[in-house]
2 protein chains.
Amino acid sequence: MEPLTGRKAEIVAAARDLLEAGGPEALTMRAIADRLGIQAPSLYKHFPDKDALEAALVAAGFVEQAETFAAVTRSRNPLPALARAYRAWATAHPHLYVLMTSRRLDRDSLPEGVEAAAAAPLLKACGGDPNRARAAWAFAHGMASLELANRFPPDADLDAAWRAGVDALQAPPTTPRST
Amino acid sequence: MEPLTGRKAEIVAAARDLLEAGGPEALTMRAIADRLGIQAPSLYKHFPDKDALEAALVAAGFVEQAETFAAVTRSRNPLPALARAYRAWATAHPHLYVLMTSRRLDRDSLPEGVEAAAAAPLLKACGGDPNRARAAWAFAHGMASLELANRFPPDADLDAAWRAGVDALQAPPTTPRST
DNA sequence: GTCTATATTGTGATAGAC
DNA sequence: GTCTATCACAATATAGAC
């Protein structure tokens, strides 16, 4: 999987605009074609089917996330900075974020290593402990997706909830209490 | 919103069976009707539209969750027990769980107080701190939904990740380090 | 409360000419 | 690589008889 170029990249860009502007329902082959000034069947000369097009969309999202998260790793206190970056990315691209996280991941359609690259900053921020990193990822994803789905009560202080989770997760491991 | 009875309850039960067996795509008005031995248009005598039927499904899920989680509160160490119960519920009803968590919540369609009832055990386990409780909920939801979407690497030790998160979240609050 | 018949709309996708 | 024409299908929902 190499970076897209030419017409293929234009199609993915159009699809992304539509998705982010109108959600998954707006992402139809006809709408994508319209936006490019061509007819829907022409898209099938570039992508075998809609799934492949969506996979390219997801892959682009991962590449972007990997770059974004890598940029905030340099902080001395990386976990809070990463949490902010994660939340900001999800909030800025809510529909793409959902597309990326809610379906089974087709790893074959991803550029080599980009999944690991997107995860690496967090793993480093967790001192290399993969379990803690996965817990932190789950926390961040849970906060982001519940926020996007408007599932917190209207009066909830989400900044405070993020802080509570980040503080707990970055504290040094204590004696395990769970059995 | 009172408990459903009669035909309405039968319809919801049929819908739930279909959803859990075949996912959201299997949940069509025709399939629901077929399962009850009637024709699809007859369903509209009981529910104004499909949304209302799904809302009833979601409401039933919350009632069930509230009962399940309340039952494990009595433990001396409630947080790990709640985490296990949460994960078990999501795993046992994956499609209903996704339906309940991925869409905006229509609170008017829920039985009075059931949302708070489902959340109460966790709030108690977090010593009444709503921010910590929300962080814990986000962690659990993140773990559950990433697991359901098969988003963890195949070799990830999910039990260990759950433990890492629960341990971190039940530790006494330390001096905040995030800014 | 159930039926039959049907409207309406939208979708992804293919064939074959240019 | 784009077009026109069209298929094939599935979905929710309504009207009106019984």
Side-chain angles (χ1 to χ4, degrees), chain A residues 2-60 95-96 98-100 102-104 106 108-109, chain B residues 2-60 95-96 98-100 102-104 106 108-109:
Chain A
E2 317 78 38
L4 298 181
T5 54
R7 198 82 232 218
K8 233 162 155 160
E10 289 175 26
I11 293 171
V12 171
R16 179 159 174 180
D17 288 348
L18 283 166
L19 175 66
E20 292 187 348
E25 269 135 52
L27 192 64
T28 69
M29 299 302 269
R30 294 200 222 280
I32 297 166
D34 276 2
R35 180 165 258 259
L36 293 169
I38 63 176
Q39 298 301 311
S42 304
L43 297 173
Y44 291 87
K45 298 290 180 179
H46 303 277
F47 291 92
D49 53 29
K50 197 191 180 187
D51 264 8
L53 207 161
E54 287 182 348
L57 218 43
V58 169
H95 294 297
L96 181 55
V98 169
L99 189 72
M100 290 169 64
S102 66
R103 348 182 104 194
R104 309 178 88 77
D106 173 15
D108 294 339
S109 72
Chain B
E2 318 76 40
L4 299 180
T5 54
R7 198 83 231 217
K8 233 162 157 163
E10 289 175 27
I11 293 170
V12 171
R16 179 159 176 180
D17 288 348
L18 283 167
L19 175 66
E20 293 188 348
E25 267 136 56
L27 192 64
T28 69
M29 298 302 268
R30 285 176 204 194
I32 297 166
D34 276 2
R35 180 165 259 256
L36 293 168
I38 62 176
Q39 298 301 312
S42 305
L43 297 173
Y44 292 86
K45 298 289 180 180
H46 303 277
F47 291 93
D49 53 30
K50 197 190 181 187
D51 265 7
L53 207 162
E54 287 182 348
L57 219 42
V58 169
H95 294 296
L96 180 55
V98 169
L99 189 71
M100 290 169 64
S102 65
R103 348 182 105 195
R104 310 178 87 77
D106 174 16
D108 295 339
S109 73

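Below, chains carry the letters A, B, ... as their sequence lines are ordered, and counting in each starts from 1.
- Pairing each heavy atom of B/L27 with each of B/L57, the nearest pair is CD2-CD2, 4.0 Å.
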Where protein sits on nucleotides 5-18 of chain D, one letter per nucleotide: B base, S sugar-phosphate only, - none, heavy atoms under 4.0 Å: B-----BBBB----
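- Across every non-hydrogen atom of A/D49 and A/A52, the tightest pair is OD1-N, 3.0 Å.
- Separating the CD atom of A/E54 from the P atom of C/dT11 is a distance of 13 Å, rounded to the nearest angstrom.
- The CD1 atom of A/I32 sits 17 Å away from the C1' atom of D/dT2 (whole-angstrom rounding).
- Considering all non-hydrogen atoms of both residues, B/G22 and B/H95 come closest at C-NE2, 4.5 Å.
- Side chain of B/D51 to backbone of B/E54: no donor-acceptor contact under 3.5 angstrom is found.
- Once rounded to the nearest 0.5 Å, the distance linking NZ of B/K50 with OG1 of B/T28 reads 7.0 Å.
- At a threshold of 4.0 angstrom between heavy atoms, the contacts of B/G37 are confined to the sugar-phosphate backbone, with no base atom among them.
- The line from CG of B/L53 to CZ of B/R16 is 13.5 Å long, rounded to the nearest 0.5 Å.
- Phosphate proximity of C/dC3 to B/S42: present, with a side-chain N or O under 4.0 Å from OP1 or OP2.
- Across the protein-nucleic acid pair, A/Q39 atom CD and C/dG12 atom C1' stand 15 Å apart, rounded to whole Å.
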